Amino acid sequence: MGKMSVNLCGIELDNPVIPASGTFGFGYEFAEIYDINILGTFSFKGTTKEARFGNDLPRIAECTQGMINAVGLQNPGVEKVISEELPKLKKCFHKPVMANVSGFSVEEYAHVCSRLDGEEQIGWFEVNVSCPNVHGGGMSFGTQPSAVAQVVSAVRKATKKPIIIKLSPNVTDIVSIAKACEDNGADAVSLVNTLLGMRIDLKKRKPVIANVMGGFSGPAIFPVALRMVYQVSKAVNIPVVGMGGVSSAEDVIEMMLAGATAVEVGTANLVDPEACKKIIEALPQKMEELGIDDLKSIIGGAC
Amino acid sequence: MKQVFLEIKENTALTKDVFKMTLVGDVGEIKKPGQFVNLKISGVFLRRPISVCDRDENSITLVYKVVGKGTKMMSSLREGKTLDVLTGLGNGYDCEKSGDKPLLIGGGVGIPPLYLLAKELLNQGKNVSVILGFNTAGEIFLKDEFENLGCLVTVTTVDGSKGVKGFVTGAIEGGYTHFYTCGPEPMLKAVYGKTVTSGQFSFEERMGCGFGACMGCSCKTLTGYKRICKDGPVLFKEEILWEK
């Protein structure tokens, strides 16, 4: 076991760095420029039951130290993910991968997980509960403990693999949502998803994004994400995967001190496709500078 | 795709708001006309995708218009500075389909990628005609360069201050074997309606990454969903699906 290794829900990672879903596709674009097997793992593109085109264009708006996206879960649907994407992924990545799943009903979450459950390479399910609940008035599952509980219970029945619930920061009390996950059988939580935001085009006097609002991400949100990781990790006994604006080895260490067992890197991959490689390569030096012998030992060190 | 560091050799104004930047270094990933690079400009968060106007063994030339904060900052960069560049992006134009008499139709800042295309087609011994559309005489750029290559050039201006008055579509005549176009979307739609042969369109879209990872620039086509940055920016006429 290396100095950078961590254990996430019973599976050993060589290091805690995990490209976040939606910024890394199914891995092969990045495999063109570096060997992605150096990663702890990665979370693949959010997968739904049916193929989705997603939202109208423009889907992207730039911000100071960040960006807004309203892609709208474009993906080929779970059957094509199994028949086309996973065989391609398998050729360039040889470790357990994290399957990011989404749904617009409790049944859809359970269906997608049970379809993917037989895929040997999938080590964990990361369940995105930020989608609107079409049977619940369109409000995001992730904003109510009771709705999250239903999703967690349904997914728990669909798979024996570790379930990580990916939480939305757009809530009044993220701790109560995280506790509902823990109480209903989640193995871990990951946070935060993007913050709801918008931009207006001054010349057109209209929102930049066709969908009006979208998810704000990038270095600008790091302090907000860190605060929530800290609050949640103090309140639950399951592992926390930290993410939100992480773009350096220092950010990874800071997230771990706030209680993260592993750390996801999202938007940084879009600006620098080698971002995760650079972070992993910078970690040993940074650990030495800070007198850290074993990265595991600092998890929750500031809590 | 490849991440490289290129040095600015030249960054000068061609018109009031159109600039020409030459970058020196490893440009081997630019293999076809119509491909683009994505530049990291300090002071703005996302990279700026710019099409390649010309290339030789160790340099590329970009001709870009100042349209916002990023391109404004880009225009103030001095020679000698090194830029972080993602290169070899996009599919590029397919020169094999041109026939003997290809027609190139460019509007405004959509003109630059057609320059390298014209060069390539002329090298293959093709008879290249070019229509360049501008709003007004003061905005004209690259006209002499196309003529010096040996293309038959027609200029149109919306206000009639130079060349044929009106839009590029007014200057399209018969006799071409295939067409290539790049420009603002309303122009592309008009070209689509006016042309009678097969052709290729290069599209522009707001991008997140520029290399196919984020799905920020996907569009619907008759052959499925395509990412403008990775599966495009060039689409064939027969696969285009106009929305709205």
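Letters A, B, ... mirror the listed sequences (proteins, then strands); counts begin at 1. Since this is a predicted model, take the numbers as computed values, not measurements.
With rounding to the nearest 0.5 angstrom, the CZ atom of Phe53(A) is 6.5 Å from the SG atom of Cys219(B). Atoms CG and CE, from Leu46(B) and Met67(A) in turn, are 5.5 Å apart once rounded to the nearest 0.5 Å. In this structure, the separation between CG on Asp272(A) and SG on Cys209(B) is 12.0 Å, given to the nearest 0.5 Å. Residue Arg52(A) holds its CZ atom at 13.0 Å from CE of Met215(B), rounded to the nearest 0.5 Å.
Of the residues considered (Met207(B), Lys220(B), Lys230(B), Lys69(B)), Lys220(B) shows the highest number of contacts with chain A, using heavy-atom pairs under 4.5 Å. Interface summary for chain B: among Asn75(A), Val71(A), Thr267(A), Asn269(A), the most heavy-atom pairs under 4.5 angstrom belong to Val71(A). The greatest number of non-hydrogen atom pairs below 4.5 Å with chain B, out of Gly66(A), Ala61(A), Pro219(A), is found for Gly66(A).
For Lys162(B), the NZ atom sits in a loose shell: 12 or fewer heavy atoms of surrounding residues, nucleotides or ligands are nearer than 6.0 Å. In the displayed structure, Lys226(B) atom NZ is contacted under 6.0 Å by more than 12 heavy atoms of other residues, nucleotides or ligands. Residue Lys9(B) qualifies as open at atom NZ: its count of foreign heavy atoms under 6.0 Å is 12 or below. More than 12 heavy atoms of other residues, nucleotides or ligands lie within 6.0 Å of NZ in Lys32(B), so this atom counts as buried by the packing criterion. More than 12 heavy-atom neighbours from other residues, nucleotides or ligands sit within 6.0 angstrom of NZ on Lys40(B). In the displayed structure, Phe141(B) atom CZ is contacted under 6.0 Å by more than 12 heavy atoms of other residues, nucleotides or ligands.
Residue Tyr225(B) touches chain A through its side chain alone, counting heavy-atom pairs closer than 4.5 Å. Looking at Pro76(A), neither its backbone nor its side chain comes within 4.5 Å of chain B, counting heavy atoms on both sides. In this structure, chain B has no heavy atom under 4.5 Å from any part of Asn55(A).
Between Pro273(A) and Met1(B), some side-chain heavy-atom pair lies under the 4.5 Å cut-off.
Residues of residues 26-39 of chain A having a heavy atom under 4.5 Å from any heavy atom of chain B, listed by number: Glu29(A), Phe30(A), Glu32(A), Ile33(A).
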(message) Does Arg59(A) form a side-chain contact (heavy atoms from CB on, under 4.5 Å) with Cys214(B)? I'd like the steps, not just the answer.
(response) CA-CA 10 Å; Arg59(A) 297 173 171 184; Cys214(B) 75; over 6 Å; no
(request) Dump the intermediate steps for side-chain contact (heavy atoms from CB on, under 4.5 Å) on Arg48(B) and Glu62(A), then the final yes or no. (result) CA-CA 11 Å; Arg48(B) 292 300 188 267; Glu62(A) 188 175 48; 2.6 Å; yes
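Looking at every heavy atom in both residues, Phe45(B) comes nearest to Gly218(A) through CZ-CA, 4.4 Å. The two residues Gly208(B) and Ile60(A) come nearest to each other via the heavy atoms N-CG1, 3.9 Å. Here the closest heavy-atom approach between residue Lys203(A) and residue Val67(B) is recorded as NZ-O, 3.7 Å.
Side-chain N or O atoms of Arg206(B) include none that pairs as donor or acceptor with a backbone N or O of Pro58(A) at under 3.5 Å.
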